[in-house]
K.L.:
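The structure under discussion is supplied below as structure tokens; questions concerning it will follow.
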Amino acid sequence: MDTGIIVARWVVGKALNPVLDGLVEAWAASQKLGPNVDALKMELLYARAMLNNVRGREIHNTDLNELLQKLRDLAYNADDVLDYFRIQDELDDTSEATAEHAKGCVSDLFLNAHHTAKAAGKLLGFSSSCSSCATNNGPGDSITAACCGSPHNTIHAIGKRLCFSTSLVDDCDHDYGCVHDERDHVKGKSTPKLKFDRVGLSKKMKIIVEQLQPVCAKVTAILNLELMGSHLSIESSTAKSRPITTPTSIEPTLYGRDAVMKRIIDSITQGTCCEEYLTVLPIIGPGGIGKTTLIQHIYNSQQVQNHFQIMVLTCVSQSFSVDKLIEEIKEKLPSVEGEKKGSAEELIVQRLKSKRFLFILDDIWKCESDDWKRLLVPLRKGQTKGNIIIVTTRFLVVTETVKTSDNKIQLEGIDDEAFWELFLAYVFGPEKSKNDKDLLCIGKDIVKKLKGSPLAAKTVGKLLSNHLDRVHWMRVLDSKEWELQAGDHDIMPALKLSYDYLPFHLQQCFSYCALFPEDYKFNNKELIRFWIGLDILHSESQNKAFEDIALSNIDSLCVSLHSSNVKSVEIRPSIRHLSIITDGANDTDGITDENFKSKLIKLKKRLKFENVQTLMIFGEVDKSFIGCFHDLFKEASALRVLYLPKMPFAVGSILDEFTTLVHLRYLRLGTTIGNNFHLPINLSRFYHLRILDLEKWDNCFHLPGDISNLAKLHNFLVPGYPIHSNISNVGKLQFLQELKGFQVNRKDVGFELKQLGYLMELRELRIDNLEKVHTKEEAAEAKLLSKTRLRKLELNWKQGRTSTNAFNEDQILEKLQPHSSLQELSIHGHGGSSCPKWLGTELSVKFLETFRLKNIVWNILPPLGEVFLVGGPGEESIGQKTSQNFRSLKRLELVKLPNLRKWVAKEIFPTFFSVLEVLIVRKCNELAELPFSYHTYCTSEEDVKATCFPRLRELEIHNCPKIVSLPPIPYTQTLCSVNIIDVGTGLESLVYSSKSSKLEIKGNKDLKVLDDNVLASRNLHKLQNLTIEGFPPLEERHLQMLTSLKRFSLFSSSIAFNPTVERSDVEWRLSIENLMIQDWNGGGKELTQLLFHLPKLSLLSLGGCRKKTLLSVALTQQQTSAQVESTQVTASNHRQQQKAEDLDLLEEEEVTQLDVDGEDEDDDRLLLTNSLEQLWIVNYKELILVSHPLPIGHHNKEEEGTGGGWGLQALCSLRQLGITGCPLLLSAYEAPACLFPSSLQYLQITGPMEGVQMLDLSNLTSLTKLFIEDCGEYLRKGLLPLLAQGQLSNLIVYKTYGLFAGVLDSILRGAQEEQEQLHLLEHSSKLRVLETDDLAGILVKPICRLLSSSLTNLTLQGNSEVERFTNEQEEALQLLTFLQDLKFIHYDKLRCLPAGLHRLTNLKRLMIMNCPSIQSLPKDGLPGSLKYFIVRDNEKLVKQCKKLKKTNPEIELIL
């Protein structure tokens, strides 16, 4: 059917619905508008009947679309007018007029007067001067004024009150959503009712009728002419456009599918499928993703063809006919000798007998279960195992129908690398050059938009290959020209097949998704609510198929404006749904905010905003958009959907008509942080509102007192449950689905428990303050048992009560029985003595999936198995036993149950908790035993099935000090998360997560051994991150099992190695890359032994050990030879000593033989392995670095066993080294050897070093960052080579005041000896960042001259004595002309900034922090290049800065 006709028919039907249900006619009768409504009704019926007449027929006429558009517009206008009738019927309660209107003219006259009096009575509020009576009107009962005994009395009263006015209803002021007086909200001020313009509506209806008549006549005439030359289409056009699949693929190379293809082929030729008689393997994916190409390559695989004797490939598409398929299969099967004649099914059975077959059914769109079973009947009668049917489909429902096990293949986009190769192949082919870097760069931007779709790559590749020039490629990128290609093998027709196949109501739901930004991640509930708000989601369309739709077509009624495509999108006046997406000023497409705003303003000339029904704004906007948006939307009065999730301004500032948007069905309001908005006080007048989403509202949350007027509300989304508890007379919201907070009797009126009795659509309910319910009759008024849709229920009594009436509370809980369909139940603080019958002996909520009990003292618990309770001092009583149980329970939480002593399993009862996935037990102080307390770890599926909780995935036990036994963790491989804290097993804490592959375990003094009773090491073979703290030594055998471990942290513990195993015989290796040791309880030898088993170790952190330990580097054989040669060189020959570190290492494939046999037995030495890239040593007080050990028996007898090379030079891969708080580390250092390898890029030394005169750093030619703190003067001679000749770019120096003096001495000495060298030094430094507290040391001319051409960031920090800079220091600072960032921090007595700052012409950022004594800015000013000026903790300076801003507005002040 033509889309235009479908849409027109839907819009007409939508407008017609309210005049067919009787309610509008009833209200119209009361207002003397009956004739106009009847005329409108007749025209709409005629239009729908006319469109119904052409259902199922193909109509192709472009001119007809214009008339259909006109018809749609008129129907929309009619719907808007009739919306007022719907509202007025709700407000004036005129539904009884349906019957009354039929009584004749006299009755009609009285009826008009009656409703006029009723409306006026509501308006004028006759309550104080007239007698009143209480009337029960259902939810929200209140005292209603009954002041008008007759129409005459009312009219007379109106004449007195309104002698100056002709309006029936006050016209309220516009609300712009700005900050309101909070008192209005606190008082719950009601919102004035909307004004109804009877005359205006009557005129509008007449105009619409007059316009509908000629349009309907013309459309009818054209359709009749069209139908004369057309015929009923039996087969849909979408079926015709699908290319037929053949076994031969037109794509010779398969890109990016090698892994999935191999997996499928292996599965069907040598996997478990070979043991089954028939296996169906579904392959699912969207159109164009490559399903057909994949199965063609599988079909033609030599391995597949050798394995199967019969192979058939056929394309099914949308027409799934069992008879047709069986006939087609029969025709493709070769005849067999001696074949008997018979039906097609019988021939198939004969031809497949004793033969292994592969059938591929490509592109199945729909398939009923019975039809599929019928198709399989002849195929199951073969006598051979290993038969396979491969099915490809776009639809999950087909997959679920055909699959034989959970083995479907989900085909997604090709990975980036393979997709790029595929793209290049389509664009350039085998012959064209691929060397144009400019085109390749554009191509990568295009590829990002194609989402890994092979068919999209093919379509775009063809477009680009025609013109290999930049202009063409940029045009394709900007315009997405591939979306216009309509060939059989292009992407858009392939995607449109899926869209066209959907029924119209699903097409609607899909098309509105185009309003969201590209790559928007839909939340399932969010999307459903959006459809509800649009009034397009009908019962027949609420199914899972919506969740899987992932295509992106834009319906003719929807448009999405992005800041990058606002110019290219065609905007038609008929557009009624608009979304605006802005990326802010830093748009990657080069569109600035100002350009975007100017283009938006131009939309006003092209778009009729008074007709727009949907407005959505995405992205970052600021207050500068207010004027643009206000000018654009000031006439938008027909909005049904308003989506403003992140607004920095009040909604009324951009929508003049906000308070009169009576058509709204969906409203989402959110604010940015830092504003002070109240909710619009007129929220309660949006009477049609179905979805009110305030989850992102971060400001004041005072609800209007009459918010319950929103009688159509389905979902009221808020960030927390207390907000719902503020709704008075909530019973009026009869369609509400979630009530996350209801406080019983919070106030005198409007919070009675009976309010809940009217809410029969609830899915989620929380009730607080149930201690205020005094009788079981009051509890029954909640009618929980009748709420068949309720899925989640929380019942809360106030905690900490000093006295309770246990009998009364038991009765109340009995009356709060929910419906048996409940899935989640929480009971908190109940003061009764027993669980209710509906949770016990007469268990009705058998299908609970989540059950929480908290802070209860029941003597009888729900059926949890065999339970022992504390009955008194030293006594135990057995809990309730029943044949009933929770067979569907997936989550169980037991919190603060003081009477629970034991929960045991004398017999295995898997049926009780066979599906339990989450168990949480907290603060059960008497609990000593759980059902699995004495389990050992399970190594097989049979063992798991024998446990109480075979599917347990998450276990949490907190603050249960009497539990003394737990199973080893994880005792089954199903456990994904374990969190155990403060139990009586000796464990202080245990946290395990299989998702993050992490285990942290902390013990205490009560745990004597870390063995199989604590850790199930065999189930931890996938663990990657392990932290152990405060345990006895971990046995070597447990560590060996952790074969996937990457990160290992060991605090206050060690490893217990088996002394009977010689080190040379040990073969096991671990792939640990990161090792952190703190307070190692063993010796250096044990730690060395651990390092030998970690060949991939790259990061080692050592700290906190108090034992005296010698440290050196273990050498490889090749390094040993080099070291022996090195030790024969005299100590003064410094250059020859460096040969040791420059020798080549062994290849990675070689087994590194670490030479440690020469150690003395009494020498507790820690040997580092040369795989290290990072080494951090912290607070190792007695660690001493010594020379490398040399092997016994080498050729130099004099040096045998006496020592080798110095320091860490043999760590040739070391990049980062940190030494903190290790005073003895260099105490054995023999100058002038270089201790550190030249590979270092980062070096940190913190704290004094004993016995060190001078440390040579001259060999660190790769060092880029150096951090020095509290290091004395032993580095003063080693820094200049790094500054002048090295790669040092970042230097941080604190509490090391002689360092720069040493640099100065070296510079001055060099100036005397080699004058020419000094000039070269001035331009050789690469230092860019410098932080120091040595002001006097750094601000000297020679040093600043050295750094003048490189230094860009300087931080001067922490000198509390300096009051002003000397002239020499100011002149030195002025030499740093390349400075861009300058900071002065913590100069308590500094009275003024240095002079001459204005000469730093590149300075962009100046910070002054914690300098309270500075009185003023420099007299000669600041540099004109300054962009940011930051001042903290100096009020005088802040005031001067504000004045500076007036004279220099370009500077951004951060105060």
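For the numbers below, each heavy atom of this structure counts, side chains included, while hydrogens, waters and symmetry mates do not. Along the sequence shown, residues are numbered consecutively beginning with 1.
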K.L.:
Of all residues at least two apart in sequence or in a different chain, which pass the side-chain contact (heavy atoms from CB on, under 4.5 Å) check with R1328?
P.N.:
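If we apply the side-chain contact (heavy atoms from CB on, under 4.5 Å) test to R1328, skipping adjacent residues, the hits are T1352.
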K.L.:
Begin from the C-alpha positions of E1331 and Y1294 and carry the test side-chain hydrogen bond (donor to acceptor under 3.5 Å, both in side chains) through to its verdict.
P.N.:
CA-CA 8 Å; E1331 295 182 26; Y1294 290 112; 3.2 Å; yes
K.L.:
Could you work out, with side-chain hydrogen bond (donor to acceptor under 3.5 Å, both in side chains) as the rule, every residue matching K646, not counting sequence neighbours?
P.N.:
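Per chain and number, K646 pairs via side-chain hydrogen bond (donor to acceptor under 3.5 Å, both in side chains) with E620.
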K.L.:
Verify ring pair (Phe, Tyr, Trp, His ring centres under 6.0 Å) between F618 and Y643, making sure each step is shown before the conclusion.
P.N.:
CA-CA 8 Å; F618 295 93; Y643 187 99; 4.9 Å; yes
K.L.:
Among all residues two or more places apart in sequence or in another chain, which pass the salt bridge (Lys or Arg N to Asp or Glu O under 4.0 Å) test with E1361?
P.N.:
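Only K1389 meet the salt bridge (Lys or Arg N to Asp or Glu O under 4.0 Å) criterion with E1361.
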K.L.:
Run the salt bridge (Lys or Arg N to Asp or Glu O under 4.0 Å) test against D1333 and tell me which residues pass, sequence neighbours left out.
P.N.:
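Checked D1333 against salt bridge (Lys or Arg N to Asp or Glu O under 4.0 Å); zero matches.
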K.L.:
Taking salt bridge (Lys or Arg N to Asp or Glu O under 4.0 Å) as the test, write out the residues that go with R470, two or more places apart.
P.N.:
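Once residues adjacent in sequence are excluded, the partners of R470 under the salt bridge (Lys or Arg N to Asp or Glu O under 4.0 Å) criterion are D438.
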K.L.:
Using the test side-chain hydrogen bond (donor to acceptor under 3.5 Å, both in side chains), find all partners of K1341 that sit at least two apart in sequence or belong to another chain.
P.N.:
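Per chain and number, K1341 pairs via side-chain hydrogen bond (donor to acceptor under 3.5 Å, both in side chains) with E1371.
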K.L.:
According to salt bridge (Lys or Arg N to Asp or Glu O under 4.0 Å), who are the partners of K1383, at least two apart in sequence or on a separate chain?
P.N.:
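With sequence neighbours excluded, K1383 shows a salt bridge (Lys or Arg N to Asp or Glu O under 4.0 Å) to D1381, given in chain and number order.
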K.L.:
What are the two closest non-hydrogen atoms of Q1440 and L1417, and how far apart are they?
P.N.:
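What the structure gives for the nearest pair is OE1-N, 3.2 Å.
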K.L.:
Distance check, rounded to the nearest 0.5 Å: L1351 atom CG versus C1344 atom SG?
P.N.:
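Result: 8.5 Å between the selected atoms.
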K.L.:
Would you kindly say whether Q1415 and R1391 are connected by a side-chain donor-acceptor distance under 3.5 Å?
P.N.:
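Note: Q1415 and R1391 side chains miss the donor-acceptor criterion.
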K.L.:
Can you name the nearest heavy-atom pair linking I617 to P645, along with the distance?
P.N.:
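That closest heavy-atom pairing would be O-CD, 3.2 Å.
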K.L.:
For K1404, give me all partners under side-chain hydrogen bond (donor to acceptor under 3.5 Å, both in side chains), at least two apart in sequence or on another chain.
P.N.:
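K1404: no side-chain hydrogen bond (donor to acceptor under 3.5 Å, both in side chains) contacts found.
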K.L.:
Mind checking what makes ring pair (Phe, Tyr, Trp, His ring centres under 6.0 Å) contact with F1365, not counting sequence neighbours?
P.N.:
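Here the qualifying residues are F1384.
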K.L.:
Rounded to the nearest 0.5 Å, what separation is found between the CG atom of L1437 and the CG atom of L1444?
P.N.:
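It comes to 10.0 Å.
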K.L.:
Return the CZ to CD distance between R668 and E695, rounded to the nearest 0.5 Å.
P.N.:
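With rounding to 0.5 Å, CZ (R668) is 7.0 Å from CD (E695).
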K.L.:
Between OG of S1239 and CG of N1259, what distance do you get to the nearest 0.5 Å?
P.N.:
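Going from the OG atom of S1239 to the CG atom of N1259 covers 9.5 Å.
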K.L.:
If I compare all heavy atoms of Y1387 with all of P1412, which pair ends up nearest, and what's the gap?
P.N.:
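Residues Y1387 and P1412, closest heavy atoms: O-CD, 4.2 Å.
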K.L.:
Y1297: which residues meet the ring pair (Phe, Tyr, Trp, His ring centres under 6.0 Å) condition with it, sequence neighbours left out?
P.N.:
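For Y1297 there are no ring pair (Phe, Tyr, Trp, His ring centres under 6.0 Å) partners, ignoring immediate neighbours.
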K.L.:
How close do L694 and P719 get, counting heavy atoms only, and between which atoms?
P.N.:
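The pair with the smallest heavy-atom distance is O-CD, 3.5 Å.
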K.L.:
List the atom of C1441, the atom of L1453, and the distance in Å for their closest heavy-atom pair.
P.N.:
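The pair with the smallest heavy-atom distance is O-CD1, 3.2 Å.
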K.L.:
For D1270, what residues pass the side-chain hydrogen bond (donor to acceptor under 3.5 Å, both in side chains) criterion, not counting sequence neighbours?
P.N.:
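In terms of side-chain hydrogen bond (donor to acceptor under 3.5 Å, both in side chains), with neighbours along the sequence ignored, D1270 is linked to no residue.
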K.L.:
Compare every heavy atom of C1411 with every heavy atom of N1434, then report the nearest pair and how far apart it is.
P.N.:
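Closest pair (atom of N1434, atom of C1411, distance): ND2-O, 2.8 Å.
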K.L.:
Checking side-chain polar atoms at under 3.5 Å, does T1332 have a donor or acceptor matched by the opposite partner on D1334?
P.N.:
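Their side chains do not contain a donor-acceptor pair, so the 3.5 Å distance test is not met.
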K.L.:
Heavy atoms, side chains only, cut-off 4.5 Å: are L1354 and L1373 in contact?
P.N.:
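Side-chain contact under 4.5 Å: yes.
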K.L.:
Side chains of Q1174 and Y1242: do they bring a donor and an acceptor to under 3.5 Å?
P.N.:
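No, no side-chain donor-acceptor contact under 3.5 Å.
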K.L.:
Decide if atom CG of D416 counts as having more than 12 heavy atoms of other residues, nucleotides or ligands within a radius under 6.0 Å.
P.N.:
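No, because the 6.0 Å sphere around CG of D416 holds 12 heavy atoms or fewer from other groups.
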K.L.:
Quick one: side-chain contact (heavy atoms from CB on, under 4.5 Å) partners of Q1287, sequence neighbours excluded?
P.N.:
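So Q1287 forms a side-chain contact (heavy atoms from CB on, under 4.5 Å) with T1264, K1326.
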K.L.:
Say you draw a straight line from CD of Q1216 to CD of Q1244; how long is it, rounded to the nearest 0.5 Å?
P.N.:
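So the CD of Q1216 and the CD of Q1244 are separated by 10.0 Å.
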K.L.:
Measuring from R1215:CZ to S1262:OG, what's the distance to the nearest 0.5 Å?
P.N.:
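OG of S1262 is found 8.0 Å from CZ of R1215.
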K.L.:
Report the residue from L1379, L1375, L1327 that forms a side chain to side chain contact (heavy atoms under 4.5 Å, CB included) with L1347.
P.N.:
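That would be L1327; it is the only one of L1379, L1375, L1327 passing the side chain to side chain contact (heavy atoms under 4.5 Å, CB included) with L1347.
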